[in-house]
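Data block below; observations after.
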Amino acid sequence: MNKKFYYVFLIGFIVIWGVWYSCNYSEITEKHIAAEKSESISTNEKPAYDYENIPYIININKADAKELEALEGIGEKRAQSIIEYRNEHGPFKSTDELLNVKGIGDVVLGKIKDRISVED
């Protein structure tokens with residue numbers, strides 16, 4: 001009797017699951033299609049940097065705009081401002097001199113100070 005009950009329970013479970021799945025199949029596939037579309041859209045976006053894991057120190061006296069943009073809080077405009085300041089005033093003597101660059105304040109400098117240098 002135990003085997004009979006087990007088989008009836010198993011068949012009942014399979015039937016109920018099959019009915020539920022067939023009723024929800026269109027909803028499930030719509031979610032998968034929407035997820036695939038959103039993934040293809042997001043691949044065209046600019047990737048987020050992992051600021052904590054920059055594997056090297058950036059020399060702000062030699063870095064180009066793209067290298068500077070890899071620093072947290074430094075976007076295209078701030079990178080360009082750093083380069084313009086460097087071209088007008090010569091090489092930075094210390095990392096604190098970045099505070100003289102328009103758009104760079106204590107908060108931004110605090111985020112990047114351990115990832116930059118002024119010497120090789």
Side-chain angles (χ1 to χ4, degrees):
M1 180 152 166
N2 286 337
K3 282 187 175 183
K4 187 176 180 181
F5 176 76
Y6 173 75
Y7 289 125
V8 169
F9 177 78
L10 182 62
I11 291 170
F13 177 78
I14 292 170
V15 168
I16 291 171
W17 181 83
V19 169
W20 175 85
Y21 186 79
S22 65
C23 291
N24 293 308
Y25 179 76
S26 62
E27 182 181 334
I28 293 169
T29 55
E30 287 173 9
K31 287 181 181 178
H32 286 285
I33 291 170
E36 288 175 1
K37 285 181 180 178
S38 69
E39 286 176 7
S40 65
I41 291 171
S42 66
T43 57
N44 295 332
E45 296 175 3
K46 185 176 179 180
Y49 287 106
D50 183 8
Y51 298 114
E52 295 298 319
N53 293 313
I54 296 175
Y56 53 88
I57 303 297
I58 295 176
N59 183 335
I60 58 174
N61 285 326
K62 296 181 179 181
D64 63 12
K66 290 295 180 194
E67 289 174 309
L68 292 170
E69 288 174 30
L71 296 166
E72 184 175 6
I74 306 295
E76 189 176 327
K77 290 182 181 180
R78 285 185 179 155
Q80 192 58 41
S81 294
I82 292 170
I83 292 169
E84 288 173 5
Y85 182 91
R86 184 175 68 200
N87 291 340
E88 290 176 19
H89 298 93
F92 291 96
K93 293 173 184 62
S94 74
T95 56
D96 290 331
E97 195 177 342
L98 273 177
L99 292 172
N100 298 333
V101 176
K102 182 180 178 185
I104 306 288
D106 291 328
V107 174
V108 173
L109 183 60
K111 291 178 183 178
I112 64 173
K113 191 160 182 126
D114 60 339
R115 308 229 186 283
I116 59 174
S117 76
V118 293
E119 51 193 48
D120 292 327

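By convention here, the first residue in the shown sequence is residue 1. Given the structure is predicted, the values throughout are model-derived calculations rather than measurements.
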Legend entry - Y7 with I14, same ILVMFWY side-chain cluster at under 4.5 Å: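 Same cluster: Y7 reaches I14 through Ile, Leu, Val, Met, Phe, Trp or Tyr contacts under 4.5 Å.
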Let me confirm one number: the [atom1]-[atom2] distance from [X] to [Y], rounded to the nearest 0.5 Å.
X: L98; Y: L71; atom1: CG; atom2: CG; answer: 9.0 Å
X: R86; Y: E88; atom1: CZ; atom2: CD; answer: 12.0 Å
X: I82; Y: D64; atom1: CD1; atom2: CG; answer: 11.5 Å

For the residue pair [X] and [Y], what are the closest heavy atoms and their distance?
X: I60; Y: L68; result: CG2-CD2, 4.1 Å
X: S117; Y: T95; result: CA-CG2, 4.1 Å
X: I58; Y: A63; result: CG2-CB, 3.6 Å
X: L109; Y: I116; result: CD1-CD1, 4.2 Å
X: V118; Y: K93; result: CG2-O, 3.7 Å
X: D114; Y: I57; result: O-CD1, 3.3 Å

Legend entry - E97, Q80, K102 screened by side-chain contact (heavy atoms from CB on, under 4.5 Å) with Y85, the one that passes: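 So the option named by the test is E97.
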Inset, instruction - Would you check if H89 and N100 make a side-chain contact, meaning some heavy-atom pair closer than 4.5 Å? - result: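 In short, these two side chains do not touch, never coming nearer than 4.5 Å.
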Inset, instruction - May I ask you to test the I112-I104 pair for a side-chain heavy-atom distance under 4.5 Å? - result: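 Result no, sub-4.5 Å side-chain heavy-atom pair not found.
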Legend entry - Over 12 non-hydrogen atoms of neighbours within 6.0 angstrom of NZ in K113: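 Yes.
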Legend entry - CG/D106: more than 12 non-hydrogen atoms of other groups inside 6.0 Å: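 At most 12 heavy atoms, drawn from other residues, nucleotides or ligands, come within 6.0 Å of this atom.
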